[in-house]
2 protein chains.
Amino acid sequence: MTRRVTIADIAAAAGVSKGAVSYALNGRPGVSEATRTKILAIAAEMGFVPNRAARSLSVSSAQAVGIALRRSARTIGIEPYYMELISGIEATLSAGSFGLTLQIVGTVEEELEVYRRWWAERRVDGVLLCDIGTSDRRLDFIADLGLPAVAVGGPVEGARVPAVWHDDVEPCRDILEYLYTLGHRRVARVAGIPGLLHTAIRDQAYADTAAELDFETVTTIHSDYTGEQGAQITRRLLSSSKRPTAIVYDNDVMAVAGLGVAHELGLEIPEQLSVVAWDDSPLCRLTHPALTSLTRDIPAYGSKCAEVLLTLIGENKVSEPPSTESRTFSVQCRPAQLSPRGSTGLAQA
Amino acid sequence: MTRRVTIADIAAAAGVSKGAVSYALNGRPGVSEATRTKILAIAAEMGFVPNRAARSLSVSSAQAVGIALRRSARTIGIEPYYMELISGIEATLSAGSFGLTLQIVGTVEEELEVYRRWWAERRVDGVLLCDIGTSDRRLDFIADLGLPAVAVGGPVEGARVPAVWHDDVEPCRDILEYLYTLGHRRVARVAGIPGLLHTAIRDQAYADTAAELDFETVTTIHSDYTGEQGAQITRRLLSSSKRPTAIVYDNDVMAVAGLGVAHELGLEIPEQLSVVAWDDSPLCRLTHPALTSLTRDIPAYGSKCAEVLLTLIGENKVSEPPSTESRTFSVQCRPAQLSPRGSTGLAQA
DNA sequence: GAAGCACGCTGAACCGGTTCGCCGAAACCG
DNA sequence: CGGTTTCGGCGAACCGGTTCAGCGTGCTTC
């Protein structure tokens, strides 16, 4: 059990004061080049790493950001999205030597409470908000708290919190045009949770595009993103009298489940049914046929979100009073690209 | 932007000293019942939450545990295991008002460096070690550091770090006996990463059981757990002259991929091929047919690991010098249960 | 050669909790 | 009634960093 080295140990070894050591280690003026290198050498030799709590206390920053996920323990694992997002976030954070604090919560109330606690405890310097809703209480709450935050999703109108997002309208149009070109006229969509912002945006985008092209039907059924519901809804869709020739899913888990149901019902894919997934995780390439899907680079997206959050944290550290309240902004990422694979084909006559 | 309330504010409001407030808030003797309730009331009213850094500094504990995952950004999402584990861990931690700090690393060296930094910074009070290897450098490293830790997996012999694990021998036996009963005589296994402890344990268990029953062949091919390798190996297995009638996969991602390949090759499941998966995530119920698999309660497992870690942290806080070096122990969980589903059936004559 | 200045460094205060020694008053004792 | 114990509470030190006022030295400047 090695002893931890403190700044005082280094000061004693170098024959200087604690203050000088602090200046030297942080690369600020106040010490000569000679003593700086000497101090750095001693610090390196003694294996000095600053005590995070002590630094946080004086500087009042935690060098950490938080993320709260609102999903049940059982269902969160199946969705590759979160882990990919987190891993992207993490890459950027650790590059900036920030830590990531994770908490899983059950309700919005719990989530707000977590933010309040994190803020009061000074456990984090900022947070990332996932699964942005159409009217999201968290945005105002966080803004009132004065805790730096980034909305992972958007665009958020009248935002007091910056958002990082990608356009979903164009991909929706792409899908429908693609399916139209393949001859599909009866299309169903198994959508995500209704309250979520991107679900609403896609709802609108599908409706708009459908109105422009002469589809017979473009129906949307909302779900909770789980495989069970995906399967159940698919079963219902496929056993209806005028069944769709193509089904679009709002995530890949439901698409895989839908594919399973189609197999179960003895439908040939893509001859009798085309399937399109959203969020192209490796899952889409595991099935047979492989799923046509909308590809986004989720880790890169997470990185971008973390990056924006870090600059935000950096900014309001240097100039505490954000005079221009409208410092919030919106960063748009490259929209998802359609990756056609084996699960889509010409509609049967 | 609300001001944070400090212990001094409360002291001033209650007309007592900081020390008294501290005693009152922490439920320790030193204040009368009357002033205690008064202080608590004021603290509650002012919405006091202690500054974590300040407390950490004096008490030298971070009220957080760390977990480092060694996987690439792209492949970590697909494996439901990690997120389920984390969510179980998280549940226990937040119940004890501990935080979870997550970091994703690329190499063992990086991982060790992270542990050293966490320890030196006092950022965490303990860590959870995932993916235990057959000879794992991390165990000694952590023990030397004196950082409380729990190995998520085992059993680890000669351990200086307690382990939480479940027996894999019995489930392996269960699988082989089950397949034998169904008439399978040529069984292949697509195993996980060779260096991992549980892979080695399963290797041995399969070999032992195979020796007891008169299988024609029980072959094992190691992989990296990814769907791509799962698919590739399956393709190779199924196109060999004497192809197996049953394939067992060491995780569910590969099993799904294998199922896809079987479909692609036009094999009827389970008539022409039986498929068994390990780690029964919801993924196994998404496919058609649903995958027979070995069910473990991963979130519960994570909770147990966190629980053991927390008691460990609690213990070495009260009595710093662990006189009996062999305080390490091993907690065994309920082994995985075989859940037969549609992907397994009688072997064809 | 005195005044002024920049530089290098020290010592102490400070962040916000915890903890310990100590003291005054009340209670208890023979 | 004096002496001891107990209790409630105070004040200060401490954890390990950061930051700032101030001070001595050496150099420039006129």
Side-chain angles (χ1 to χ4, degrees), chain A residues 3-40 42-43 46-64 97 117 119-123 125 317-318 320, chain B residues 3-40 42-43 46-64 97 117 119-123 125 317-318 320:
Chain A
R3 273 290 305 147
R4 274 134 176 142
V5 181
T6 76
I7 207 173
D9 299 333
I10 299 176
V16 293
S17 70
K18 278 171 55 182
V21 176
S22 178
Y23 290 136
L25 291 175
N26 295 315
R28 349 175 108 238
V31 283
S32 67
E33 225 28 64
T35 52
R36 181 187 303 276
T37 51
K38 178 176 153 198
I39 289 172
L40 287 180
I42 293 176
M46 298 177 86
F48 172 75
V49 181
N51 180 319
R52 179 72 52 191
R55 180 180 295 213
S56 294
L57 186 54
S58 39
V59 141
S60 80
S61 92
Q63 287 278 308
S97 71
R117 188 163 47 73
W119 170 82
E121 286 184 341
R122 280 187 150 84
R123 206 191 253 278
D125 298 321
K317 191 158 40 180
V318 292
E320 188 61 41
Chain B
R3 272 287 305 145
R4 273 134 175 141
V5 181
T6 74
I7 207 173
D9 299 333
I10 299 176
V16 294
S17 69
K18 279 170 55 182
V21 176
S22 177
Y23 290 136
L25 291 174
N26 294 315
R28 351 174 108 237
V31 284
S32 68
E33 223 30 63
T35 52
R36 180 188 303 276
T37 51
K38 179 175 153 201
I39 288 171
L40 288 179
I42 292 176
M46 298 177 87
F48 171 76
V49 181
N51 180 319
R52 179 72 53 191
R55 187 188 294 237
S56 293
L57 186 56
S58 40
V59 140
S60 80
S61 91
Q63 287 279 307
S97 72
R117 188 164 45 74
W119 170 82
E121 287 184 340
R122 281 183 149 86
R123 205 190 253 279
D125 298 321
K317 191 158 40 180
V318 294
E320 188 61 40

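No experiment lies behind these values; they were computed from the predicted model shown. Residue numbers start from 1 in every chain, and the chains themselves are labelled A, B, ... in the order their sequence lines are given, proteins ahead of strands.
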Quiz prompt | Those residues that, when tested against T37(B), pass side chain to side chain donor-acceptor pair (under 3.5 Å) (two or more places apart) | solution = none
Scan nucleotides 10-13 of chain C against the protein and return all N/O pairs shorter than 3.5 Å with their distances rounded to 0.1 Å.
residue, atom, partner, partner atom, Å
dT10(C), OP2, S17(A), N, 2.7
dT10(C), OP2, S17(A), OG, 3.0

Self-check item: Contacts of type side chain to side chain donor-acceptor pair (under 3.5 Å), residue S32(B), not counting sequence neighbours
Solution: T35(B)
Quiz item: In degrees rounded to 10°, what angle is found between the helical axes fit to the five outermost pairs at each end of the helix from dG1(C)-dC30(D) to dG30(C)-dC1(D)?
Solution: 50°
Self-check item: Nucleotide interval of DNA chain D bounded by contacts with chain A (heavy-atom cut-off, under 4.0 Å)
Solution: dG16(D) to dC20(D)
Quiz item: 5'-most contact on DNA chain D: E33(B) or N26(A), nearest heavy atom basis?
Solution: E33(B)
Quiz item: Using a cut-off of less than 4.0 Å, is there contact between a side-chain N or O of S58(B) and OP1 or OP2 of dT19(C)?
Solution: no
Quiz item: Taking only residues at least two apart or on different chains, which pairs with a member in residues 21-35 of chain B satisfy salt bridge (charged side-chain N to carboxylate O under 4.0 Å, His left out)?
Solution: E33(B)-R36(B)
Quiz item: At what distance, to the nearest 0.5 angstrom, does CG of L57(B) lie from CG of L57(A)?
Solution: 6.0 Å
Exercise. Identify the two heavy atoms, one from R4(B) and one from D9(B), that lie closest to each other, and give their separation to 0.1 Å.
Key: O-OD2, 3.9 Å
Exercise. Quick one: list whatever passes side-chain contact (heavy atoms from CB on, under 4.5 Å) with A12(B), sequence neighbours left out.
Key: none
Protein-nucleotides 22-24 of chain C N/O pairs closer than 3.5 Å?
none

For residues 16-26 of chain A, please give each side-chain donor-acceptor pair under 3.5 Å, one per line with the distance, not counting sequence neighbours.
residue, atom, partner, partner atom, Å
S17(A), OG, A20(A), N, 3.4
S22(A), OG, N26(A), ND2, 3.4
N26(A), ND2, S22(A), O, 3.0

Quiz item: Which residues satisfy the salt bridge (charged side-chain N to carboxylate O under 4.0 Å, His left out) test with R122(A), sequence neighbours excluded?
Solution: none
Could you list the donor-acceptor pairs under 3.5 angstrom formed by side chains in residues 47-56 of chain A, with sequence neighbours left out?
residue, atom, partner, partner atom, Å
N51(A), OD1, A53(A), N, 2.8
N51(A), OD1, A54(A), N, 3.2
R52(A), NH2, E121(B), OE1, 3.4
R52(A), NH2, E121(B), OE2, 2.3
S56(A), OG, R52(A), O, 2.9
S56(A), OG, S61(A), O, 2.9

